[in-house]
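Below you'll find the structure, written out as structure tokens, and then a few comments.
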Amino acid sequence: MDRIRIVGGNRLNGTIPISGAKNATLPLMIASLLTEETLTLENVPRLRDVAQLVHILGNHGVDYAVKGKRYGQDPLAGQTIHLTAGAIVDTVAPYDLVSKMRASFWVIGPLVARMGEARVSLPGGCAIGTRPVDLFIEGLEAMGADISLDQGYVIAKAPDGLKGAEYTFPKISVGATHTLLMAACLADGTTVLNNAAREPEVGDLANCLIKMGADISGVGTSTLVIKGKESLHGATHSVLPDRIEAGTYAMAVAMTGGEVMLKNGRADLLQSALDTLRDAGVTITETNEGISVARNGTALKPVDIETEPFPGFPTDLQAQFMALMTKADGVSRITETIFENRFMHVQELARLGADIQLDGQSAIVTGVDELKGAPVMATDLRASVSLVIAGLVADGETIVNRVYHLDRGFERLEEKLSRCGATIERISA
Ligand code: UD1
């Protein structure tokens, strides 16, 4: 398996292009199941999760085409893909495919909405807590689906189609919001989703669905109202920039010092994390080109955070921020409220010399003068990148094993960082 080798100590200076958002791309690709016409997605990142989803959709009968390389094209520019679900030939999403990526469970919504049935394996994905699917089931049941569980599969049936319904999420869930939103587009009548997730990726999906002919109001709010249509049609949509990738590199620059332009990064999608970085002493400037991040000479101040649904501090940046705080001038408290088991990076950061104590849902981080390079093991996507951030300032060599996780969600990470002066390379197995 590939590894990443980092020699810490270099400041980052230059420009990092921000890719299309993984967490928007996945539901957008799944939305292709809702129409027999072609959905064209632009600014799609080259990621393992995207390739995996192509495979899963292909199993349902979705044709996939990708525009070839163009003369003079930056290898870091997003790609354009075409997805056509002319005929859905299989409504089963099997265990061996779904277990590799939790988001593939979301096909259950469009499949049952368009075909009247779906048999989808319970999901796998990052090992960060139990991540149940009760809200998906409750919501689809509210829309008239008959749901049963059989040998690890969720079976959803609605032979006469889904019916519009009012459903209030008892807890905010990004995936369940995506899924019910897609399903409601083909339901008979009006669906009202209360306490829906407001993450920008939900808005991106809704905007694409509207281009496909859906009638959705309340985009960007916690109440989505969807008037179902008989069918949707093809459309072209450009994926919004990845706020988690932007936030990750912002923290990398905050960690090493230097000045980097996060090209195409959108500060409005990342306000709470950027405000936190400002509190930590980092200079953030929003420009037409993107987000400029700089730290020159000032010490890092400790800042307490608590993860929250959007617009709060994102759980997907918690591990990276913890890495940053290991070098702060004092003690910070980092509280995780979204997932109950998202501290697997703590042990690995400790291998690099970090001082972190766990206290229930919180981690108490006492900044240290020096981190020291070591071999570390990534256990999930965001945890792995927190180890890269720590490695960028650790004294000596850090080897991040199981790079597989990084490739799921960060496009050409080593290339983007080395272009800005980091000593980082991939060692192929
Ligand atoms: C998505 C993101 C992930 C991010 C997370 C929270 C993608 C591909 N993944 O994951 O990167 O960390 O949002 O912002 O977009 N829950 C239930 N029952 C359910 C569904 C969820 O209890 O039926 C719980 C989960 O266990 C978790 C919380 O709700 O504690 C939030 O999870 P959710 O928002 O659904 O996360 P994902 O959509 O899986």
Side-chain angles (χ1 to χ4, degrees), residues 1 22-23 25-36 39 41 44 46-66 81-141 143 145-159 161-162 173-183 185-186 205 380-381 402 404-405 407-409:
M1 218 179 270
K22 169 183 90 81
N23 284 357
T25 303
L26 302 179
L28 287 166
M29 290 173 69
I30 290 173
S32 68
L33 289 168
L34 290 166
T35 173
E36 56 186 42
L39 177 62
L41 297 175
V44 171
R46 293 169 183 79
L47 298 172
R48 191 184 278 257
D49 271 7
V50 170
Q52 177 66 17
L53 188 54
V54 164
H55 193 48
I56 290 165
L57 293 175
N59 185 57
H60 296 301
V62 178
D63 290 336
Y64 166 74
V66 60
I81 66 172
H82 307 275
L83 297 163
T84 314
I88 291 176
V89 297
D90 196 338
T91 54
V92 179
Y95 174 74
D96 58 326
L97 296 179
V98 180
S99 60
K100 297 201 176 99
M101 181 176 45
R102 178 177 164 87
S104 52
F105 182 78
W106 305 348
V107 298
I108 196 167
L111 285 179
V112 70
R114 180 165 156 192
M115 304 301 292
E117 61 173 44
R119 183 181 164 90
V120 181
S121 169
L122 286 163
C126 285
I128 47 173
T130 49
R131 298 181 118 185
V133 294
D134 51 325
L135 307 180
F136 297 76
I137 292 177
E138 251 183 48
L140 289 172
E141 278 177 343
M143 293 169 78
D146 179 22
I147 309 270
S148 55
L149 292 176
D150 179 39
Q151 297 178 11
Y153 280 77
V154 179
I155 301 162
K157 287 192 177 151
L162 294 173
S173 162
V174 174
T177 302
H178 283 314
T179 303
L180 297 185
L181 173 62
M182 287 189 275
C185 289
L186 293 184
L205 173 64
D380 76 58
L381 172 56
R402 287 207 203 158
Y404 153 84
H405 289 290
D407 293 338
R408 287 189 44 213

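What you see is a predicted model, and the numbers here were worked out from it, not measured in a lab. Every heavy atom of this structure was used, including side-chain atoms; hydrogens, water molecules and symmetry mates were not.
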Query - Over 12 foreign heavy atoms within 6.0 Å of CD, E36 - result: no

**Report entry** Nearest heavy-atom neighbours spanning L26 and A103
**Finding:** CD1-CB, 4.0 Å

Query raised in the report: For L47 and Q52, what are the C-alpha separation, side-chain angles and deciding distance, and is it a side chain to side chain contact (heavy atoms under 4.5 Å, CB included)?
Result: CA-CA 9 Å; L47 298 172; Q52 177 66 17; over 6 Å; no

Report task. With rounding to the nearest 0.5 Å, note down the distance linking CE in M182 to CG in L28. Result -> 8.5 Å

Report task. Measure the CE-CG distance between M29 and L53 for me, rounded to the nearest 0.5 Å. Result -> 4.0 Å

Query raised in the report: Would you call I56 and K100 a side-chain contact if the rule is heavy atoms closer than 4.5 Å?
Result: no

Requested in this report: Starting at CZ of F105, measure out to CD1 of I30 and round the result to the nearest 0.5 Å.
Outcome: 11.0 Å

Query raised in the report: V154 versus L149: any side-chain heavy-atom pair under 4.5 Å?
Result: yes

Query raised in the report: If you count the non-hydrogen atoms of other residues, nucleotides and ligands that lie under 6.0 Å from OH in Y153, is the total more than 12?
Result: yes

Report task. Quick one: closest heavy-atom pair of W106 and H178, and the distance? Result -> CZ3-CD2, 3.4 Å

Query raised in the report: Where is the tightest heavy-atom contact between G139 and L180, given as atom of each residue plus distance?
Result: CA-CD1, 3.6 Å

Query - Pair D146 + K157: basic N to acidic O under 4.0 Å - result: no

Query raised in the report: What distance separates L34 CG from L111 CG, expressed to the nearest 0.5 Å?
Result: 9.0 Å

Query - Least distance between heavy atoms, L57 atom then S32 atom - result: CD1-OG, 4.2 Å

**Report entry** Side-chain donor or acceptor of H60 paired with backbone N/O of T91 under 3.5 Å
**Finding:** no

Query raised in the report: Could you walk me through whether I147 and I155 pass the side chain to side chain contact (heavy atoms under 4.5 Å, CB included) check?
Result: CA-CA 6 Å; I147 309 270; I155 301 162; over 6 Å; no

Query raised in the report: Roughly how far apart are L122 CG and R102 CZ, rounded to 0.5 Å?
Result: 9.5 Å

Query raised in the report: To the nearest 0.5 Å, what is the distance between CD (E117) and CD1 (I108)?
Result: 11.5 Å

Query raised in the report: Does the pair M115 and L33 meet the rule for a side chain to side chain contact (heavy atoms under 4.5 Å, CB included), with working shown?
Result: CA-CA 10 Å; M115 304 301 292; L33 289 168; over 6 Å; no

Query raised in the report: Nearest heavy-atom pair of F136 and A176: which atoms, and what distance?
Result: CZ-N, 3.4 Å

Report task. Mind listing the closest non-hydrogen atom pair of S104 and V98 along with its distance? Result -> OG-CA, 3.3 Å

Query raised in the report: Can any side-chain N or O of R114 pair as donor or acceptor with the backbone N or O of L186 at less than 3.5 Å?
Result: no

